[in-house]
Amino acid sequence: MSRSSVSTRTEYRNSDVIRPLPRSFYDRPVEVVARELIGKRLFRETADGLTGGRIVEVEAYLSAGDSACHAARGETRRNASMFGPPGRAYVYAIHSRWCLNAVTEPERTPSAVLIRAIEPLEGVEFMATRRGTDKLLDLARGPGRLCEALDVRRELDGWDLTLGEQLWIARDTRCRVPDEGIVVTPRIGVTSAHELPLRFCLSGSRFVSGRRLSRGD
DNA sequence: CTACCGATTGACT
DNA sequence: GTCAATCGGTAGA
């Protein structure tokens, strides 16, 4: 192949591109964390190598007053991670797909940010193999596709995202997004509380799921 | 055990 | 735009 997008962890050693965000980042109101996750880097490291990209679309799920949140009807085995400490993963299945969340706010305050789409940057070949397509736009556009591309499954439920191993989120100051670069809309697919403006997207990104956002929406 | 549901996706009109 | 396949999780008998 004429182009190699395979990246290794050593390329980024000691760089803020790859250094995991601290727990204090997640220990804040979920809407704040959701907004600030836009532009951050999501990394997944397996035996295959390093995969990941820039987060371009997320949704916040609130600990109170949000009937669409899985925690709204109490703790179960599935949603237990949401009730745990911030900075861990909450991975659940929907329609036979996995979806990845970052748990926010203090323990026993069940809130989380659903990671809905990334712009693929690392290990594009691995992601293409897992997805069964090499269309860049289809690799990780949508929460189920994203988890398939990154090989995120139930085993990673509860994983500590601050360790910088296997699955983590990093700051990338080169990708810092100003407020005006973020579009806020209602959440996609929820059957209740569908009016709340809790979906955050990188304005103009072609890697955002759902209907294309028109300029200024 | 059965019955039902859904924070999805891909195929189709 | 519409529609349903599909399966883990949940509740209830």
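All chains are named by letter (A, B, ...) in the order of the sequence lines, taking the proteins before the strands, and each is independently numbered beginning at 1.
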Side chain to side chain contact (heavy atoms under 4.5 Å, CB included) assessment of A/Phe207 paired with A/Ile118: CA-CA 7 Å; A/Phe207 297 94; A/Ile118 64 171; over 6 Å; no

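- The CZ-P distance, from A/Arg153 to C/dG9, rounds to 14 Å in whole Å.
- Closest contact between the side chain of A/Arg145 and the listed nucleotides B/dT8, C/dG9, B/dG10 involves B/dG10.
- Identified under the ring-ring contact (aromatic ring centres under 6.0 Å, His included) test for residues 153-174 of chain A, with sequence neighbours left out: A/Phe43-A/Trp168.
- By the 4.5 Å side-chain criterion applied to Ile, Leu, Val, Met, Phe, Trp and Tyr, A/Val32 is assigned to no cluster and stands alone.
- Residue A/Arg131 is classed as a sugar-phosphate contact, given heavy-atom separations below 4.0 Å to backbone atoms only.
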Assess whether side chain to side chain contact (heavy atoms under 4.5 Å, CB included) is satisfied between A/Val183 and A/Val208, documenting all intermediate values. CA-CA 11 Å; A/Val183 177; A/Val208 168; over 6 Å; no

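- Atoms CG (A/Leu156) and C1' (C/dG8) sit 17 Å apart, rounded to a whole Å.
- Residues from residues 89-102 of chain A that place a heavy atom under 4.0 Å from any atom of DNA chain C, listed by number: A/Ala93, A/His95, A/Ser96.
- A/Phe83 is linked by a ring pair (Phe, Tyr, Trp, His ring centres under 6.0 Å) to nothing, counting only residues two or more places apart in sequence or in another chain.
- With a 4.5 Å cut-off on side-chain heavy atoms, A/Thr109 and A/Thr104 do not count as touching.
- Among residues two or more places apart in sequence or in another chain, the side chain to side chain contact (heavy atoms under 4.5 Å, CB included) test is passed with A/Ser192 by A/Ser67, A/Ala68.
- For A/Arg154, the CZ atom is densely surrounded, since the number of other residues' heavy atoms within 6.0 Å is greater than 12.
- The separation between A/Met82 atom CE and C/dT10 atom P is 13 Å, rounded to whole Å.
- Shown here are the side chain to side chain contact (heavy atoms under 4.5 Å, CB included) partners of A/Ser81, two or more places apart in sequence or in another chain: A/Tyr90, A/Asp157.
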Heteroatom pairs (N/O) under 3.5 angstrom, protein to nucleotides 11-13 of chain C:
none

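- The CZ-C1' distance, from A/Arg77 to C/dG8, rounds to 11 Å in whole Å.
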Under 3.5 Å, which protein N or O atoms sit close to an N or O of nucleotides 11-13 of chain B? Give each pair with its distance.
none

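- Between the P atom of B/dG6 and the CG atom of A/Leu114 lies a distance of 17 Å, rounded to the nearest Å.
- We find that NZ of A/Lys135 is positioned 10 Å from P of B/dG10, with the value rounded to whole Å.
- Between the NE2 atom of A/His194 and the P atom of B/dG6 there is a distance of 13 Å, given to the nearest Å.
- Checking side-chain atoms of A/Arg41 against main-chain N and O of A/Val17 turns up no donor-acceptor pair under 3.5 Å.
- For the OP1/OP2 pair of B/dT9 and a distance below 4.0 Å, the side-chain nitrogens and oxygens of A/Arg141 include no atom meeting the criterion.
- Listed by first and then second residue, the salt bridge (Lys or Arg N to Asp or Glu O under 4.0 Å) pairs that reach into residues 77-93 of chain A come to none, sequence neighbours excluded.
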Considering only distance and modelled atom types, tabulate donor-acceptor pairs under 3.5 Å from the side chains of residues 49-62 of chain A, sequence neighbours left out.
| residue | atom | partner | partner atom | Å |
| --- | --- | --- | --- | --- |
| A/Thr51 | OG1 | A/Arg44 | O | 3.2 |
| A/Thr51 | OG1 | A/Arg130 | NH1 | 3.4 |
| A/Arg54 | NH1 | A/Glu119 | OE1 | 2.7 |
| A/Glu57 | OE1 | A/Ser209 | N | 2.7 |
| A/Glu57 | OE1 | A/Ser209 | OG | 2.9 |
| A/Glu57 | OE2 | A/Arg116 | NE | 2.9 |
| A/Glu57 | OE2 | A/Arg199 | NE | 2.8 |
| A/Glu57 | OE2 | A/Arg199 | NH2 | 3.1 |
| A/Glu57 | OE2 | A/Ser209 | OG | 3.0 |
| A/Glu59 | OE1 | A/Tyr61 | OH | 2.7 |
| A/Glu59 | OE2 | A/Ile188 | N | 2.7 |

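- For A/Arg78 and B/dC4, the CZ to C1' distance is 13 Å, given to the nearest whole Å.
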Should A/Arg145 and A/Thr133 be marked as a side chain to side chain contact (heavy atoms under 4.5 Å, CB included) after you check the CA-CA gap, both sets of side-chain angles, and the distance that decides it? CA-CA 11 Å; A/Arg145 293 167 176 149; A/Thr133 177; over 6 Å; no

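- Residues that satisfy the salt bridge (charged side-chain N to carboxylate O under 4.0 Å, His left out) test with A/Asp27, not counting sequence neighbours, are absent from this structure.
- Secondary structure note: stems in DNA chain C built from 3 or more consecutive Watson-Crick or G-U wobble pairs under 3.5 Å occupy B:1-6 with C:7-12, B:8-12 with C:1-5.
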